[in-house]
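Contents: one structure, followed by commentary.
If you're wondering where the values come from, they're calculated on a predicted model, not measured in any experiment.
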Amino acid sequence: MTKTYQQLIKQIAALKLEADKLRKGEVDEVIARIRDAIKVYELTAADLGLGSAPKASAGKAAAPIKRRKMGKGAAKAKGAVKFSNGAGGTWGGIGKRPNWLREAVAAGKQVSDFAVK
C-alpha cells in the first residue's frame, strides 16, 4: 500500500514527539551523571569553563596574566626591520608579507635578496 503525503506528515509529527520524549529522558540522565561527577570531583563553574578563569591543575601554579595598557596616542612597538626594498618598504619578517615583497618574489627575486645586513 502506498502512503499519501498527509499520512507521512502525520507519521513524521508522531516520530518527532517520540524523539523529543526520548531525548528529554536521556538529557535528564546525563545531567544527573554530570551533577554526580561535579560533587565527587568538587568541580566549580570556573573548572568547567563557565566562570571567570579555570582552576590551575594540581601541582602547577598558573602564571598571572600581565597586560599593559597603552597610553593615549601610544603606538605599538615595531619589531626590527629584517627586509627592505631600498625604496622605503620594510618588513620585520612577522605576519603577512607586504605587497612589494610578494610582487618581487613573483617576479623571480628571493626573499633573501631583501635582507637587511
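- E42 CD to T44 OG1: the interatomic distance, rounded to the nearest 0.5 Å, is 10.5 Å.
- Considering CG of L17 and CG of D20, their distance stands at 6.5 Å, rounded to 0.5 Å.
- Separating the CD atom in E103 from the CG atom in L101 is a distance of 9.5 Å, to the nearest 0.5 Å.
- The two residues T4 and Q7 come nearest to each other via the heavy atoms N-OE1, 2.8 Å.
- With V30 as reference, I34 is the one residue of D28, I34, V27 to meet the side-chain contact (heavy atoms from CB on, under 4.5 Å) rule.
- With a 6.0 Å radius and a threshold of 12 heavy atoms from other residues, nucleotides or ligands, L8 has its CG atom above the threshold.
- Considering only heavy atoms from C-beta on, V105 comes within 4.5 Å of V111 through its side chain.
- Of all heavy-atom pairs spanning K96 and R102, the tightest one is CE-NH2, 3.6 Å.
- Under the 4.5 Å side-chain criterion, counting only non-hydrogen atoms from C-beta, W91 is not in contact with F114.
- Hydrophobic clustering places L48 together with V40 (ILVMFWY residues linked when any side-chain heavy atoms are closer than 4.5 Å, directly or through intermediates).
- Side-chain atoms of D36 do not come within 3.5 Å of backbone N or O of R33 as any donor-acceptor pair.
- Under a hydrophobic clustering in which Ile, Leu, Val, Met, Phe, Trp and Tyr are joined whenever their side-chain heavy atoms come within less than 4.5 Å, directly or via other members, L50 and L43 fall into the same cluster.
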